[in-house]
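Read the structure below first, then the notes.
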Amino acid sequence: MKFENSPYEWTPAPRRWWFWLLVTLRLLWGVLITATLAPILFVIRLLQSWLGKTGYEYGIMRLWGRLSWLSFSVKPVIHGTPIKGDGALVSNHASWLDIPILLGSVGGYMVSKAEVRDWAVIGMLARCIGTAFVDRKRSTSKKQTQDLFDRLKKRDRIAFFPEGTSTDALQVTSFRSTLFAAMVEANPEGYVQPVSIVYHAPKDASINFFGWWGDMPLVPHFIAVLAQSKRARVDVVFHEPIKIGTDRKALCAACQSAVEAGFTKFADKIEAP
């Protein structure tokens with residue numbers, strides 16, 4: 001199958017006799033950990049709102065992310081040191097899978113496009129972990145900046161994807177500087193940490209297997225990821241934090257440069273189609 005914005009065919013690994021059994025077991029595992037940890041997360045967030053504190057929930061988010069890696073057939077390898085305490089992280093964006101990858105690596109609140117809120121399963125999980133939803137239309141850019149500003153002012157740890165849309169997992173596209181404005185306004189003396197996420201496709205699947213982009217339907221991709229028998233390596237590279245400062249475009253360019261460097265270092269060599 002081919003989808004827009006990528007010259008490569010997308011194909012999952014061949015199905016084995018245990019395909020649906022594995023999918024079912026991994027779905028049940030995901031439901032179990034979510035049903036167990038979601039109430040705990042809700043109580044912690046409620047108590048924090050009363051006490052005017054933040055940050056205690058990150059451990060639960062990180063635990064959920066790490067336990068979910070078993071469902072999603074991935075084995076992330078962490079490089080560098082994730083930030084501690086409040087701050088912002090920016091990463092390249094290849095798939096819906098980036099969210100549990102980042103949550104399990106560092107914890108924190110994600111920023112996602114507004115339409116994700118209404119997606120089945122993924123939308124429910126996103127709301128459960130306190131995702132900040134933003135509308136990327138120019139007419140609402142001021143409101144989305146204010147929403148992020150409020151989160152950052154509270155010293156929430158925020159992670160977002162400046163590319164604005166996911167890719168085929170084989171490239172890093174141009175970062176948009178709009179969302180960096182909230183960081184500049186909220187905390188110019190703070191730091192943002194660039195992160196590179198590099199997927200390595202499982203054996204017998206296409207090189208862009210983990211990418212989810214363009215007009216690719218969600219459900220078949222979700223099921224294909226659940227059905228992988230062997231856990232695939234994902235390199236998660238935490239770069240040196242960059243001081244936010246007062247120039248959002250310079251900050252955007254510096255973050256993109258770091259993410260691209262990490263991606264180039266760890267990505268598999270790809271031959272032209």
Side-chain angles (χ1 to χ4, degrees), residues 41 44-45 47-49 51-66 76-94 98-113 126 129-134 144-164 172 175-198 234-263:
L41 179 60
I44 291 175
R45 291 177 61 194
L47 289 174
Q48 287 185 154
S49 65
L51 298 173
K53 296 182 179 294
T54 187
Y56 297 106
E57 70 274 42
Y58 300 148
I60 296 296
M61 293 177 174
R62 189 165 177 266
L63 178 61
W64 178 86
R66 293 213 163 214
V77 178
I78 310 298
H79 306 270
T81 305
I83 61 171
K84 292 178 171 44
D86 62 280
L89 302 101
V90 296
S91 168
N92 59 300
H93 192 19
D98 298 338
I99 294 175
I101 292 291
L102 281 176
L103 283 178
S105 301
V106 68
Y109 293 104
M110 307 301 301
V111 177
S112 180
K113 57 186 179 181
I129 61 176
T131 299
F133 297 100
V134 297
Q144 74 182 33
T145 300
Q146 184 62 46
D147 291 342
L148 284 180
F149 175 81
D150 293 341
R151 290 282 191 113
L152 291 165
K153 203 67 176 175
K154 290 194 306 180
R155 295 295 187 261
D156 281 348
R157 185 184 299 162
I158 293 288
F160 68 96
F161 308 110
E163 289 169 293
V172 178
F175 282 13
R176 301 178 183 181
S177 65
T178 305
L179 296 181
F180 287 91
M183 288 188 285
V184 169
E185 185 179 354
N187 188 17
E189 296 301 315
Y191 288 83
V192 57
Q193 184 169 42
V195 184
S196 304
I197 302 178
V198 186
V234 183
D235 287 298
V236 187
V237 188
F238 288 88
H239 302 280
E240 285 297 315
I242 298 171
K243 188 171 182 178
I244 292 173
T246 57
D247 187 335
R248 66 180 173 90
K249 291 187 176 181
L251 178 62
C252 176
C255 288
Q256 173 149 13
S257 179
V259 171
E260 287 178 337
F263 188 88

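None of these values were measured; they are calculated from a predicted model.
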Enter the distance from [X]:[atom1] to [Y]:[atom2] here, rounded to the nearest 0.5 Å.
X	Y	atom1	atom2	answer
Thr178	Lys249	OG1	NZ	9.5 Å
Met110	Leu89	CE	CG	8.5 Å
Asp98	Ile197	CG	CD1	4.0 Å

Worked verdict on Trp64 versus Leu41 for side-chain contact (heavy atoms from CB on, under 4.5 Å) | CA-CA 10 Å; Trp64 178 86; Leu41 179 60; over 6 Å; no
Could you check Asn187 against Glu189 for side-chain contact (heavy atoms from CB on, under 4.5 Å), going step by step and ending with a plain yes or no?
-> CA-CA 5 Å; Asn187 188 17; Glu189 296 301 315; 4.2 Å; yes
Side-chain heavy atoms of [X] within contact of [Y], under 4.5 Å:
X	Y	result
Phe238	Thr81	no
Tyr109	Met61	yes
Tyr191	Ile83	no
Phe160	His93	no
Cys255	Val192	yes
Tyr56	Leu47	no
Glu163	Arg176	no
Val106	Gln193	no

Nearest non-hydrogen partners of [X] and [Y], listed with the distance:
X	Y	answer
Val259	Pro194	CG2-CB, 3.8 Å
Arg66	Gly104	NE-O, 2.8 Å
Asn92	Phe161	O-CD2, 3.6 Å
Val90	Met183	CG1-CE, 4.5 Å
Ala181	Arg248	CB-CD, 3.6 Å
Val184	Gly245	CG1-O, 3.6 Å

Between Val237, Val236, Asp235, Val172, which is the residue that forms a side chain to side chain contact (heavy atoms under 4.5 Å, CB included) with Ser196?
->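 Exactly one candidate clears the test, Val237.
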Apply side-chain contact (heavy atoms from CB on, under 4.5 Å) to the pair Leu102 and Ser91, showing each step before the final yes or no.
-> CA-CA 9 Å; Leu102 281 176; Ser91 168; 4.2 Å; yes
